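Below: the structure, in structure tokens.
Note that the structure is predicted; figures quoted are calculated from it, not measured.
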Amino acid sequence: MNKLTDEEGKLLISMARRTLESYITNREKPNFSDIDKPFLRKESGLFVTLHKNGRLRGCIGYIVGMEPLFKSVVDLTIASSTQDPRFPKVVKGELSDIDIEISVLTPPEKISNIDEIIMGEHGVIIKAGNRQGVYLPQVYNETGWSKEEFLSNLCETKAGLDRYAWKKPNVEIFIFSTQIFSEK
């Protein structure tokens with residue numbers, strides 16, 4: 001997908017906000033299929049991240065596009081607020097304290113050497129058999145980990161692998177970039 005404009009990003013954020021408030025308040029999904037914007041019909045990897053008072057409150061996404069953007073924004077906003085197993089469901093009283101961030105992903109690209117990873121610019125996917133873990137580029141900026149710490153934590157906490165699995169030849173590493181839009 002081509003880069004989105006700031007205006008398109010603002011529309012995605014407003015759709016996510018409307019979805020969050022509508023679903024948490026009334027358990028209703030807004031319908032955005034009538035918005036006539038061609039970019040909303042394209043498929044792209046997408047993550048919706050919720051922060052409450054600056055701290056992670058939920059994050060769920062698709063690495064590759066599975067449905068049109070307008071539908072992904074709705075589904076992933078609801079999932080981030082009600083289905084992230086790390087957090088309780090968002091409740092109405094929290095809505096004003098939550099900020100929404102949307103990350104639109106480029107298609108993943110397999111790499112053969114970790115030197116190809118640009119920390120803070122690339123998200124990383126680790127795959128080994130049926131196990132997989134992903135960190136968005138923002139994770140590096142939030143943690144300040146070295147590349148090795150980043151990969152080790154990704155293996156252990158997200159993919160359920162040995163900390164140093166990323167060094168093994170049977171493990172695949174993919175990178176991607178994101179375009180980030182935020183309410184802040």
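Using a 4.5 Å heavy-atom threshold, the side chains of Phe39 and Leu12 count as touching. Counting heavy atoms from C-beta outward, Met66 and Glu43 have side chains that stay 4.5 Å or more apart. The side-chain heavy atoms of Met15 and Leu40, taken from C-beta on, include a pair separated by under 4.5 Å. Residues Pro107 and Val64 are not in side-chain contact: their nearest non-hydrogen atoms beyond the backbone lie 4.5 Å or more apart. Using a 4.5 Å cut-off on side-chain heavy atoms (C-beta onward), Phe174 and Val124 make no contact. Looking only at side-chain heavy atoms (C-beta outward), Arg57 and Val90 come within less than 4.5 Å of each other.
Atom CD of Glu109 and atom NE2 of His122 lie 7.0 Å apart (nearest 0.5 Å). For the atom pair Asp162 CG and Lys168 NZ, the distance stands at 4.5 Å (nearest 0.5 Å). The line from CG of Asp75 to CG of Leu46 is 10.5 Å long, rounded to the nearest 0.5 Å. Rounded to the nearest 0.5 Å, atoms NZ (Lys29) and OG (Ser22) are 11.0 Å apart. Expressed to the nearest 0.5 Å, how far OG of Ser96 lies from CD of Glu21 amounts to 9.0 Å. Distance check, rounded to the nearest 0.5 Å: CG of Leu20 to CD1 of Ile78 gives 9.0 Å.
Ser44 places no side-chain N or O within donor-acceptor distance of the main-chain N or O of Val104, the cut-off being under 3.5 Å. Judged by distance alone, with hydrogens and angles left aside, the side-chain atoms of Glu142 form no donor-acceptor pair with the main-chain N or O of Val139 at under 3.5 Å. Listed for the Glu121 side chain is no donor-acceptor partner under 3.5 Å among the backbone atoms of Ile118. With hydrogens and angles disregarded, a donor-acceptor distance shorter than 3.5 Å links the side chain of Arg27 to the backbone of Tyr23. Between the side chain of Thr106 and the backbone N or O of Ser177, at least one donor-acceptor pair lies under 3.5 Å. Side-chain atoms of Glu183 come within 3.5 Å of backbone N or O of Ile100 as a donor-acceptor pair. In this structure, the side chain of Ser80 engages the main chain of Ile60 through a donor-acceptor pair within 3.5 Å.
Summarising the geometry of Tyr140 relative to Gly120, their closest heavy-atom pair is CD2-N, 3.4 Å, with the distance given to 0.1 Å. The shortest non-hydrogen separation linking Arg41 to Ile35 is NH2-O, 3.9 Å. Between Phe47 and Cys59, the shortest heavy-atom distance links the atoms CD2-SG, 3.8 Å. Across Lys127 and Gln132, no two heavy atoms sit closer than the pair CE-OE1, 2.8 Å. Listed here is the closest heavy atom pair of Pro108 and Ile63: CG-CG2, 3.5 Å. Nearest heavy-atom pair, Ser72 versus Glu67, reported as atom, atom and distance to 0.1 Å: OG-CG, 3.1 Å.
One hydrophobic cluster holds both Phe32 and Val48 under the rule that ILVMFWY side chains link at heavy-atom gaps under 4.5 Å. Cluster membership for Met119 and Leu105, using ILVMFWY side-chain heavy atoms within less than 4.5 angstrom, is not shared. The hydrophobic clustering, which links ILVMFWY residues whose side-chain heavy atoms are closer than 4.5 Å, places Val74 and Leu4 together. Under the 4.5 Å side-chain heavy-atom criterion for ILVMFWY residues, a single connected hydrophobic cluster contains both Phe181 and Tyr62. By the criterion of side-chain heavy atoms lying less than 4.5 angstrom apart, applied directly or through intervening Ile, Leu, Val, Met, Phe, Trp or Tyr residues, Ile111 is grouped together with Val171 in one hydrophobic cluster.
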>> For Ile173 and Lys110: C-alpha separation, side-chain torsions, deciding distance, then whether side chain to side chain contact (heavy atoms under 4.5 Å, CB included) applies.
In response: CA-CA 6 Å; Ile173 301 175; Lys110 188 175 179 180; over 6 Å; no
> Can His51 and Ile98 be said to form a side chain to side chain contact (heavy atoms under 4.5 Å, CB included), step by step?
Replying inline: CA-CA 5 Å; His51 291 97; Ile98 290 179; over 6 Å; no
>> For a side chain to side chain contact (heavy atoms under 4.5 Å, CB included) check, start with the C-alpha distance between Asp84 and Leu56, then their side-chain angles and the critical distance, and finish with the verdict.
In response: CA-CA 11 Å; Asp84 188 326; Leu56 183 64; 5.7 Å; no
>> Is there a side chain to side chain contact (heavy atoms under 4.5 Å, CB included) between Gln138 and Ser103? Walk through the geometry before answering.
In response: CA-CA 10 Å; Gln138 301 92 297; Ser103 301; 2.9 Å; yes
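A salt bridge is defined here as a Lys NZ or Arg NE, NH1 or NH2 lying under 4.0 Å from an Asp or Glu carboxylate O, and Glu8 with Lys37 fails to meet this definition. Using a cutoff of 4.0 Å between basic side-chain nitrogens and carboxylate oxygens, Lys184 and Glu101 are not scored as salt-bridged.
More than 12 heavy atoms of other residues, nucleotides or ligands shown are found within 6.0 angstrom of CG on Asn26. Remark: Arg86 CZ is packed, more than 12 non-hydrogen atoms of other residues, nucleotides or ligands lying under 6.0 Å away.
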Without placing hydrogens or testing angles, list every side-chain donor-acceptor pair under 3.5 Å for residues 147-159, not counting sequence neighbours.
residue: Lys147; atom: NZ; partner: Ile114; partner atom: O; Å: 3.0
residue: Lys147; atom: NZ; partner: Ile117; partner atom: O; Å: 2.9
residue: Glu149; atom: OE1; partner: Ser146; partner atom: N; Å: 2.7
residue: Glu149; atom: OE1; partner: Ser146; partner atom: OG; Å: 3.3
residue: Ser152; atom: OG; partner: Glu148; partner atom: O; Å: 2.9
residue: Ser152; atom: OG; partner: Arg163; partner atom: O; Å: 3.3
residue: Ser152; atom: OG; partner: Trp166; partner atom: NE1; Å: 3.1
residue: Asn153; atom: ND2; partner: Glu149; partner atom: O; Å: 2.8
residue: Glu156; atom: OE1; partner: Arg163; partner atom: NH1; Å: 2.9
residue: Thr157; atom: OG1; partner: Tyr135; partner atom: OH; Å: 3.0
residue: Thr157; atom: OG1; partner: Asn153; partner atom: O; Å: 2.6

